Every structure is written in C-alpha cells, then in structure tokens.
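Please read these numbers as outputs of a predicted model, since none were measured by experiment.
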Amino acid sequence: MTDEELLARADAIAVRAYAPDSGFHVGCAVLTRSGAVVEGVNVENAAYPLGVCAERTTFSRAIVEGFSPGDFSVAAITASPCGGCRQWLAEMQVERVVFRNGGRIVRMTVDELLPEQFDAGELA
Ligand SMILES: [Zn+2]
C-alpha cells in the first residue's frame with residue numbers, strides 16, 4: 001500500500017469524525033506490519049479538554065484489536081499531528097508518519113517529528 005493510498009483511507013474515514021464544536025474532521029489510518037489497516041477519527045466533547053484526537057482513537061482501537069507498540073509501519077493523518085499525538089506516535093514506535101500540512105504531503109520519522117522524546121526508559 002502506498003502512502004497516498006493510506007492517506008486516502010484517512011480521508012475517507014474522516015467523514016465519521018464527531019466534531020460538532022470545531023467542524024474540523026480528522027482521519028487517521030495506520031498500516032500495521034501484518035498489512036492490516038486500523039482507522040480512527042477525532043471525537044469531540046462539549047467539555048472541550050475531554051475530546052480525543054484521531055491518532056489516539058486509532059491507536060486505542062488498534063490496542064483493543066490486539067496490536068502492540070512496534071506493530072505499526074506507517075501512520076497517515078489528514079492534518080499535522082499535535083504535540084501530544086507526536087508522543088503517542090513515538091510510544092507506538094511508528095516507523096514513518098505521513099500527513100497533510102498547508103496543502104503539502106509531509107513524510108517524517110517519529111524522531112524527526114519529536115526529537116529528544118520522553119520514553120518509558122525514563123520511568124525507571
Ligand atoms: Zn492530537
């Protein structure tokens with residue numbers, strides 16, 4: 001599956017976003033190393049801080065489906081991932097991230113997205 005095809009999956013799922021407050025629909029599609037694709041959308045809440053980004057719903061769904069950090073090769077997102085989601089992408093050990101930003105398609109590694117990231121090794 002190409003990056004463009006995976007991004008098209010993210011575009012398609014974005015229509016299911018629950019975004020009554022912002023109207024900003026975001027989709028995320030993650031390609032696993034086994035070839036499966038897991039999708040998610042942003043889910044807002046009237047109590048704004050409780051809303052969840054598309055990346056987080058995608059990885060939460062993937063964990064429920066039995067995937068683990070390290071199982072993910074590419075994440076495609078319809079918008080630039082926020083700072084918190086960059087930490088999630090790092091935690092999930094995604095190999096590569098593809099997203100739209102200002103009309104461009106950007107491809108980056110997680111290390112490029114979030115240099116000097118916090119990791120579980122710091123908790124010891
Ligand atoms: Zn986010």
Side-chain angles (χ1 to χ4, degrees):
M1 175 175 283
T2 67
D3 289 352
E4 288 73 18
E5 288 168 338
L6 193 62
L7 199 49
R9 293 280 298 263
D11 286 331
I13 200 68
V15 299
R16 293 194 191 162
Y18 177 71
D21 303 309
S22 72
F24 188 65
H25 290 211
V26 180
C28 177
V30 174
L31 179 64
T32 68
R33 295 191 192 287
S34 65
V37 175
V38 182
E39 300 165 323
V41 297
N42 55 322
V43 179
E44 294 182 345
N45 191 288
Y48 292 165
L50 300 180
V52 184
C53 296
E55 298 91 322
R56 299 183 206 190
T57 65
T58 304
F59 287 113
S60 297
R61 181 179 180 181
I63 293 295
V64 170
E65 292 183 9
F67 294 101
S68 302
D71 288 344
F72 310 107
S73 55
V74 185
I77 311 156
T78 58
S80 179
C82 75
C85 285
R86 292 176 189 220
Q87 182 67 42
W88 271 65
L89 291 158
E91 178 82 19
M92 293 295 136
Q93 302 166 32
V94 177
E95 190 175 307
R96 199 155 45 84
V97 182
V98 181
F99 57 94
R100 286 207 181 81
N101 194 4
R104 296 173 301 130
I105 294 178
V106 180
R107 294 171 174 82
M108 300 181 90
T109 65
V110 169
D111 286 341
E112 291 168 334
L113 272 174
L114 189 64
E116 300 295 328
Q117 61 208 228
F118 179 84
D119 68 46
E122 304 295 325
L123 299 174

Do the side chains of R107 and E4 get close enough for a salt bridge, i.e. N-O under 4.0 angstrom?
yes
Any idea which heavy atoms bring [X] and [Y] closest together, and the distance?
| X | Y | result |
| --- | --- | --- |
| M108 | E112 | CA-OE1, 3.3 Å |
| T58 | E39 | OG1-C, 3.7 Å |
| A79 | F99 | O-CB, 3.5 Å |
| P69 | I63 | CD-CD1, 4.2 Å |
| V97 | I77 | CG1-CD1, 3.8 Å |
| C82 | R56 | SG-NH2, 3.8 Å |

For [Y], does its backbone N or O pair with a side-chain atom of [X] as donor and acceptor, under 3.5 Å?
| X | Y | result |
| --- | --- | --- |
| S73 | L31 | yes |
| E55 | L89 | no |
| N42 | G51 | no |
| T57 | V41 | yes |
| R86 | P115 | no |

Have R104 and S80 got a donor and an acceptor in their side chains that come within less than 3.5 Å?
no
Are [X] and [Y] joined in one hydrophobic group, where the rule is that I, L, V, M, F, W and Y side chains link up if heavy atoms are under 4.5 Å apart?
| X | Y | value |
| --- | --- | --- |
| I13 | W88 | no |
| V37 | V74 | yes |
| F67 | M1 | no |
| V106 | L7 | no |

Ring-plane angle category for F59 and F72, please: parallel below 30°, perpendicular beyond 60°, tilted otherwise.
perpendicular
How far apart are the C-alpha atoms of R96 and D3, what are their side-chain angles, what is the distance that settles it, and do they pass the side chain to side chain contact (heavy atoms under 4.5 Å, CB included) test?
CA-CA 10 Å; R96 199 155 45 84; D3 289 352; 2.7 Å; yes
Set out, in order, the CA-CA distance, both residues' side-chain angles and the distance that settles side chain to side chain contact (heavy atoms under 4.5 Å, CB included) for R61 and C28, then state yes or no.
CA-CA 11 Å; R61 181 179 180 181; C28 177; over 6 Å; no
May I have the step-by-step check of side chain to side chain contact (heavy atoms under 4.5 Å, CB included) for L6 and V98, ending in yes or no?
CA-CA 9 Å; L6 193 62; V98 181; over 6 Å; no
Should the heavy atoms of other residues, nucleotides or ligands under 6.0 Å from CZ of R16 be counted, would the total exceed 12?
no
Within a radius of less than 6.0 Å around CZ of F24, do more than 12 heavy atoms belonging to other residues, nucleotides or ligands occur?
no
Side-chain contact, heavy-atom cut-off 4.5 Å: Q117 with D111?
yes
CD of E91 to CG of L114, rounded to nearest 0.5 Å, is 11.5 Å
Between D11 and R100, does a side chain to side chain contact (heavy atoms under 4.5 Å, CB included) hold up when you go through it step by step?
CA-CA 10 Å; D11 286 331; R100 286 207 181 81; 2.7 Å; yes
